[in-house]
J.: 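Provided herewith is a single structure, encoded as structure tokens, for subsequent inquiry.
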Amino acid sequence: MAIEYLKRGKPEADRAEDDAKTAAVVEATLKDIETRGDTAVHELAVKFDNYDRPSYRLSEDEIAAIIAKVSDQDMADIRFAQQQVTNFAQAQRDSMLDIELETLPGVILGHKNIPVQSVGCYVPGGKFPMVASAHMSVATAKVAGVPRIVACTPPFNGEPNPAVIAAMHLGGADEIYVLGGIQAVGAMAIGTETIAPVHLLVGPGNAFVAEAKRQLFGRVGIDLFAGPTETMVIADDTVDAELCATDLLGQAEHGYNSPAVLVTNSRVLAQNTLSEIERVLEILPTAGTARVSWEEYGEVILCDTYDEMLLVADDIASEHVQVMTDRDDWFLENMTCYGALFLGPRTNVANGDKVIGTNHTLPTKKAGRYTGGLWVGKFLKTHSYQKVTTDEAATLIGEYGSRLCMLEGFVGHAEQCNLRVRRYGGINVPYGKGAPYREAAE
Ligand SMILES: NC(=O)c1ccc[n+]([C@@H]2O[C@H](COP(=O)([O-])OP(=O)(O)OC[C@H]3O[C@@H](n4cnc5c(N)ncnc54)[C@H](O)[C@@H]3O)[C@@H](O)[C@H]2O)c1
Ligand SMILES: [Zn+2]
């Protein structure tokens, strides 16, 4: 292995220390919401977002007045994006089948997919009003058939962002609150005097939001760990530094802590990308955030071979992975850990995140090792059921069940089986004993 770092990000230990600080703030804040409900939520909204309202829920009239501020072109664009997201989500929904089959004569097993009954969708909006996140959470929940969809987003420049509210409303949100951060996810999951708690929290957010969801998991479900955006570009000398630099900075601009990593087997491309990034940072209006992310978290990793590039990429398990090589489909076939793949120079993460139709709420901090992104399936619960329809099946399964319960020492369990064997099979199994062995029929 010859892997060389031409640029490295913050050491792991420093990142862990940042995480620990965030976790402590989140823990105290959630406790406050738990004990003081609406009063705490109100104080937190004033403290973190300088936003003071008697109620943070938007009324129907307010929603209509806010949406009226969105231009026709913006409404059309939002509708187009939402249609793409909905179309793909519907196709994914259609791929999930309820099943029922006879596994043995008289033994019917099945599963059915049931929508989660209430969902809290977080739509980020601290630095940028993330209109697209409303499609990803709200519109996808609607496709799944979730009956109660609650949506929260922080105020942007001191007021609800019209395009975000429009996207939430068009997507099918039943309740909209102008709340951000820990107070938003805390209120939705824990509930307050005025907000009924939800069963599942979904949506991306900054480190506070992602950590709050993590701490609330168990009490409610969460979709996945979707924190600060990460991006990786896997490139060889089939592409140039302008493409690589643009794609790295295009996601580093999200905030001060968005890792952007180039993995390449071309030293020339690596060096040219490093200087191109410096050039672009001089002119990019969002360089204020992008530069900090690049300096603290940016990495350039030079490998000898494609196999090494694959290994490095799987190990990092980045949220967005843009592949621009002479063998993009080879990466599609072989990569195992990532949020989503963007294959070839004609696609890009921004198209993918805003409009193309796949879900942009994706796993960060290596969560791509155990989950993909948000999708319609995350709003559905797959529940099994069983029926035994004949006396013969009740007897046969009951006899096995009886003996297997006794193998574990569970007499009460065995008796559930024995009762069926006696009643439906006419075989007298003494209390506290397993069913007798039968001669194998064939
Ligand atoms: N993983 C994904 O799928 C994905 C997708 C889109 C966006 N994102 C990420 O979402 C994030 C959006 O972040 P954002 O900050 O712009 O908006 P946000 O809505 O996630 O967070 C804003 C809220 O953070 C809270 N906050 C800010 N500073 C705080 C502090 N010091 N203590 C406690 N709470 C505080 C405030 O309440 C504020 O309302 C970015 O990091 C972006 O990369 C991730
Ligand atoms: Zn992005």
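Both ligands and their constituent atoms are indexed starting at 1 by order of listing. Please read all numbers here as calculations on a predicted model, not as lab measurements.
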J.: Of all residues at least two apart in sequence or in a different chain, which pass the side-chain hydrogen bond (donor to acceptor under 3.5 Å, both in side chains) check with Asp19?
T.: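 By the side-chain hydrogen bond (donor to acceptor under 3.5 Å, both in side chains) rule, Asp19 matches Lys365.
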J.: Does Glu230 come within less than 4.0 angstrom of ligand 1, counting non-hydrogen atoms of the residue?
T.: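 False for this residue.
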J.: Going by atom types only, do Asp326 and Thr238 share a side-chain donor-acceptor pair under 3.5 Å?
T.: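 No pair is found: no donor N or O on one side chain lies under 3.5 Å from an acceptor on the other.
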J.: Using a 3.5 Å distance criterion without hydrogens, assess whether the side chain of Lys378 forms a donor-acceptor pair with backbone atoms of Leu224.
T.: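 Pair absent, no side-chain N/O of Lys378 close to backbone of Leu224.
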J.: What about Leu362: any of its N or O atoms under 3.5 Å from an N or O on ligand 1?
T.: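 So ligand 1 has an N or O lying under 3.5 Å from an N or O of Leu362.
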J.: For Pro228, take its heavy atoms, then give the atoms of ligand 1 lying under 4.0 Å from any of them.
T.: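 Listed by number with element: 41 (O), 43 (O).
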J.: State whether the number of non-hydrogen atoms from other residues, nucleotides or ligands found under 6.0 Å of Gln386 atom CD is greater than 12.
T.: no
J.: Taking the basic N atoms (NZ, or NE/NH1/NH2) and the acidic carboxylate oxygens, is any pair closer than 4.0 Å for Arg36 and Asp32?
T.: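 Looking at Arg36 and Asp32, the cut-off is met.
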J.: Under 3.5 Å between any N/O of Gly126 and any N/O of ligand 1: does that happen in this structure?
T.: yes
J.: Using distance alone, with no hydrogens and no angle criterion, decide if Asp247 and Gln251 have a side-chain donor and acceptor under 3.5 Å apart.
T.: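 Their side chains do not contain a donor-acceptor pair, so the 3.5 Å distance test is not met.
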J.: Considering heavy atoms of the protein only, find what lies nearest to atom 31 (N) of ligand 1 and give residue, atom and distance to 0.1 Å.
T.: Phe208 CZ, 3.5 Å
J.: For Glu175, is there an ion pair with Arg148 - N to carboxylate O distance below 4.0 angstrom?
T.: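 Result for this pair is yes, salt bridge flagged.
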J.: Tell me whether Ser118 contacts the main-chain N or O of His199 through its side chain, where contact means a donor paired with an acceptor under 3.5 Å.
T.: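 Yes: the side chain of Ser118 pairs with the backbone of His199.
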J.: Would you say that more than 12 heavy atoms from the other residues, nucleotides or ligands in this model lie under 6.0 Å from the NZ of Lys31, or not?
T.: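 No, because the 6.0 Å sphere around NZ of Lys31 holds 12 heavy atoms or fewer from other groups.
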J.: Does an N or O from Ser133, backbone or side chain, lie closer than 3.5 Å to an N or O of ligand 1?
T.: no
J.: For atom 6 (C) of ligand 1, grab the closest protein heavy atom and report residue, atom and distance to one decimal in Å.
T.: Met130 CE, 3.4 Å
J.: Specify the protein heavy atom at minimum distance from atom 32 (N) of ligand 1: its residue, its atom name, and the distance to 0.1 Å.
T.: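 Nearest neighbour among protein heavy atoms for atom 32 (N) of ligand 1, to 0.1 Å: Phe48 CE2, 3.1 Å.
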J.: Should Phe128 be counted as touching ligand 1, given the test is an N or O pair under 3.5 Å?
T.: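 There is no such contact.
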J.: Evaluate whether atom CG of Asn50 has more than 12 neighbouring non-hydrogen atoms of other residues, nucleotides or ligands under 6.0 angstrom away.
T.: no
J.: Just to be sure I read this right, does ligand 1 sit under 4.0 Å from the backbone of Pro124, its side chain, both, or neither, counting only heavy atoms?
T.: both
J.: Test of understanding: given a 4.0 Å heavy-atom threshold, classify the contact between Thr364 and ligand 1 as side chain, backbone, both, or neither.
T.: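 Side chain only.
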J.: Give me the ring orientation class for Tyr56 and Tyr51: parallel if the planes are under 30° apart, tilted from 30 to 60°, perpendicular past 60°.
T.: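 It falls in the tilted class, 30° to 60°.
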J.: Mark up the atoms of ligand 1 that fall under 4.0 Å of a heavy atom belonging to Gly180, in ascending order.
T.: 37 (O), 39 (O)
J.: Using 4.0 Å as the upper bound for N to carboxylate O, is an ion pair formed by Glu295 and Arg291?
T.: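 Looking at Glu295 together with Arg291, the answer is yes, because their closest N to O distance falls below 4.0 Å.
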J.: Give the atoms of ligand 1, by number and element, whose distance to some non-hydrogen atom of Pro154 is under 4.0 Å.
T.: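 Per the distance check, 19 (O), 39 (O).
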J.: Give me the nearest non-hydrogen protein atom to atom 42 (C) of ligand 1 as residue plus atom name, then the distance to 0.1 Å.
T.: Thr229 OG1, 3.4 Å
J.: How would you list all residue pairs meeting salt bridge (Lys or Arg N to Asp or Glu O under 4.0 Å) that involve residues 211-239, not counting sequence neighbours?
T.: Glu34-Arg219, Glu211-Arg214, Lys213-Asp223
J.: Using only atom types and a distance under 3.5 Å, with no angle test, would you say the side chain of Thr371 pairs donor to acceptor with the backbone of Ala367?
T.: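 Pair absent, no side-chain N/O of Thr371 close to backbone of Ala367.
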J.: Could you find the nearest protein heavy atom to atom 44 (C) of ligand 1 and give me its residue, atom name and distance?
T.: Gly227 O, 3.1 Å
J.: Number the atoms of ligand 1 from 1 as they appear, then name those within less than 4.0 Å of a heavy atom of Gln183, with their elements.
T.: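 Answer for ligand 1: 37 (O).
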J.: Does Gly255 come within less than 4.0 Å of ligand 1, judged by its heavy atoms?
T.: no
J.: Do any pairs count as a ring pair (Phe, Tyr, Trp, His ring centres under 6.0 Å) and have a residue in residues 143-198, sequence neighbours left out, and if so which ones?
T.: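 For residues 143-198: none.
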J.: Could you check atom 18 (P) of ligand 1 against the protein and tell me its nearest heavy-atom contact, residue, atom and distance included?
T.: Tyr122 OH, 3.5 Å
J.: Using the rule given for ring-ring contact (aromatic ring centres under 6.0 Å, His included), can you reason through His111 versus Tyr385, listing the C-alpha separation, both sets of side-chain angles and the distance that settles it, and then say yes or no?
T.: CA-CA 6 Å; His111 80 213; Tyr385 61 88; 8.7 Å; no
J.: Please work out, at 4.0 Å between heavy atoms, whether the side chain, the backbone, both, or neither of Asn206 comes within that distance of ligand 1.
T.: both
J.: Provide the number and element of each atom of ligand 1 under 4.0 Å from a heavy atom of Val209.
T.: 20 (O)
J.: Considering only non-hydrogen protein atoms, determine which one is nearest to atom 2 (C) of ligand 1 and report residue, atom name and distance to 0.1 Å.
T.: Glu319 OE2, 3.1 Å
J.: Report the member of Val25, Thr361, Asp49 with the shortest heavy-atom distance to atom 39 (O) of ligand 1.
T.: Asp49
J.: Can you list the atoms of ligand 1 that are under 4.0 Å from a heavy atom of Lys127?
T.: 14 (P), 16 (O)
J.: Atom 4 (C) of ligand 1: which of Ala207, Pro204, Gly339 has the nearest heavy atom?
T.: Pro204
J.: Closer than 2.8 Å to the Zn ion (ligand 2): how many protein N, O or S atoms are there?
T.: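 With waters ignored, the protein N/O/S count below 2.8 Å is 2.
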J.: Would you call Glu296-Lys10 a salt bridge at under 4.0 Å N-O?
T.: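 The answer is yes: the pair qualifies as a salt bridge.
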J.: Would you mind listing which atoms of ligand 1 come within a distance below 4.0 Å of any non-hydrogen atom of Ala226?
T.: 1 (N)
J.: For a quick test of reading the model, state the closest non-hydrogen atom pair linking Val164 to Ala134 and the distance between them.
T.: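 Closest approach of Val164 to Ala134, heavy atoms only: O-CB, 4.4 Å.
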